[in-house]
Asks: 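Got a structure for you, questions after.
Chain identifiers are assigned alphabetically (A, B, ...) following the order of the sequence lines, protein sequences preceding nucleic acid strands; residue numbering begins at 1 within each chain.
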2 protein chains.
Amino acid sequence: MKDSETVSPRKGTVVDSIVQNLADDIVSGQLAPGTKLDAQTMAERFGVSRTPIRETFGHLAAMGLVTHRPNRGVVVATLSPEALSDLYEAMAELEASLARLAALRMNSHQRETLERLHNESIHLVRDGTSDEYDQFNRTFHALIFEAARSPQLQQLAETTRTRLAPFRRAQFRLNNRLSKSWEEHDAIVRAILTGDAEGVARLMRAHVQTVSAMSAEFIAEHQPRPVAASSPDLAYQGADG
Amino acid sequence: MKDSETVSPRKGTVVDSIVQNLADDIVSGQLAPGTKLDAQTMAERFGVSRTPIRETFGHLAAMGLVTHRPNRGVVVATLSPEALSDLYEAMAELEASLARLAALRMNSHQRETLERLHNESIHLVRDGTSDEYDQFNRTFHALIFEAARSPQLQQLAETTRTRLAPFRRAQFRLNNRLSKSWEEHDAIVRAILTGDAEGVARLMRAHVQTVSAMSAEFIAEHQPRPVAASSPDLAYQGADG
DNA sequence: AACGAAAAAAGTGCATGCACAATTGTGGTT
DNA sequence: AACCACAATTGTGCATGCACTTTTTTCGTT
């Protein structure tokens, strides 16, 4: 254990960099849902006092990454199956809206880039790893977000995506999910290129909802106890191993 | 000026009630966009120390109601015309999504309530005040939010609505905007009752965007200096008086 | 009188201390 | 041995103090 991981002496406030740090830990799964975070410990870990840590917790709570219980500290956010599918629904709607706007506003250069990158991604389906495809997948969606030119919607979508991240691990590990995903992307790209705004919204909504179903299925299959009585909330179900 | 406005001694943390207080002041326009909020003063006003005030500021910043400049305090959020129309666009998309889901999921009791309240609201168009119609308008949209059964999307829509509130004042003061609004509502209600999900999404999007245009127009017309060089951001333009 | 530099004032950001709430541990009672 | 009350411990929530940054005021120079 290194003492006090020197919270980069850059500009801005100390708080922001600690927020980044902890958010990454949560999103990446290093801090599993349900983990209790206590101010004292974090203060020592980052070599600051408890005051900025408390502020950090506030930021994380605002992002929905942790839950704050008055007088009882904060824990990494846990989601009930209902809450998870609700979040996915929101994600699907947001991405559908962004895709629709992208179809209407994308310029020719952006269209070319999207088409080219998508076509290249076919290699990843056969030869790439899940992680590589996952990375391309993020790029694919980011291109569409960008093209929609709707910063506020984009922001909401990205926040929602971040909240889902701890529960999306290894989404592409399921049987031939990669090729299914590619085909869905393909339909989306074609709809964008032909300017079919309503169509692309429908396709994107379905695409995200498929991912949602996969996530739920994956988690269900990897439950320690298949159908137990008392585990309403999802803690991290271990995937990347 | 009463000293220390006894921040209701209820349960929960002190911070939450102060957040409510200040959020209300901002949303209602008591604290105009651009107003600087300093911790010291607020601490005295609410009879607490600066620490919980700082936390309060964090919450308000997370909601987008204030802007935080490191080492330079917080000010009530100000929006450039572009940012304002961007926010309205997001609002339009969110409400369109919610309306679409509502059309698919509304039960018969909810349909009856919506239709009844909408029909009754015709009186307000002729006999009511702007404020009364504004209040009904909120109810109308809330009914649809509720019926969509999509808590996360609903939350995003409500947060966005709150952020827009300081800039929406007196939106119904413009010529016959009331009857126009009622007609738009009418089309929306009919689409919901016939289960035309895609149609209601389109109508709702247009409805919110009309409000957006009205807002922009109203602000433009009430600008102190019609076309000046240097006022990129909108402070509160005084309406309710 | 206008301008600029330096000093003073004001205000933020973080550390630390204390009071109180929640949790855990212990011992007594049935 | 199981259960409950009470004490000890842990940890949160807020107050206060100090250092440093930003802003304002003052004062000397042109």
Asks: So do A:Met42 and A:Asp38 actually touch side chain to side chain, heavy atoms under 4.5 Å?
Replies: no
Asks: Quick one: are the ring centres of A:His207 and A:His141 less than 6.0 Å apart?
Replies: yes
Asks: Which whole-number value in Å describes the distance from A:Glu55 CD to D:dT12 P?
Replies: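 That distance rounds to 16 Å.
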Asks: Of all the heavy-atom pairs spanning A:Ala77 and A:Thr67, show the shortest one and how long it is.
Replies: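 Looks like CA-OG1, 3.8 Å.
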Asks: From CD of A:Gln40 over to C1' of C:dC18, roughly how many Å is that when rounded to an integer?
Replies: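 Roughly 14 Å, once rounded to whole Å.
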Asks: Give a yes/no answer on whether the side chain of B:Arg72 brings an N or O atom under 4.0 Å of OP1 or OP2 in D:dT23.
Replies: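 Answer yes for this pair, as a side-chain N or O of B:Arg72 is under 4.0 Å from OP1 or OP2.
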Asks: To the nearest Å, how far apart are B:His68 NE2 and C:dG11 P?
Replies: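 Distance, rounded to whole Å: 16 Å.
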Asks: Is any N or O donor-acceptor pair between the side chain of A:Arg50 and the base of D:dG13 shorter than 3.5 Å?
Replies: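 Indeed there is one.
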Asks: Less than 4.0 angstrom between a side-chain N/O of B:Arg54 and OP1 or OP2 of C:dG13, yes or no?
Replies: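 For B:Arg54, the contact criterion (side-chain N or O under 4.0 Å from OP1 or OP2 of C:dG13) is met.
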Asks: Using the side-chain heavy atoms of A:Val14, tell me which of these nucleotides is nearest: D:dA15, C:dT12, C:dC14.
Replies: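 Of D:dA15, C:dT12, C:dC14, C:dC14 is nearest to the side chain of A:Val14.
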Asks: Can you tell me how far C1' of C:dC14 sits from CG of A:Asp16, to the nearest Å?
Replies: 14 Å
Asks: Could you state the CD1-C1' distance from A:Ile53 to D:dG11, rounded to the nearest angstrom?
Replies: 14 Å
Asks: Using whole Å, report how far CE of B:Met42 lies from P of D:dA15.
Replies: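 Distance check: B:Met42 CE to D:dA15 P gives 16 Å.
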Asks: For A:Lys36 and C:dT24, what is the distance between atoms NZ and P respectively, to the nearest whole Å?
Replies: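 Rounded to the whole Å, the gap is 8 Å.
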Asks: Is the backbone of A:Gln135 close enough, under 3.5 Å, to the side chain of A:Thr139 for a donor and an acceptor to pair up by distance?
Replies: yes
Asks: Below 4.0 angstrom from OP1 or OP2 of D:dC14, is there any side-chain N or O of B:Thr51?
Replies: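 No, because none of the side-chain N or O atoms of B:Thr51 sits under 4.0 Å from OP1 or OP2 of D:dC14.
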Asks: Specify the separation, in whole Å, of atom CG of A:Asn71 and atom P of D:dT10.
Replies: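 Spelled out: CG on A:Asn71 to P on D:dT10 is 18 Å.
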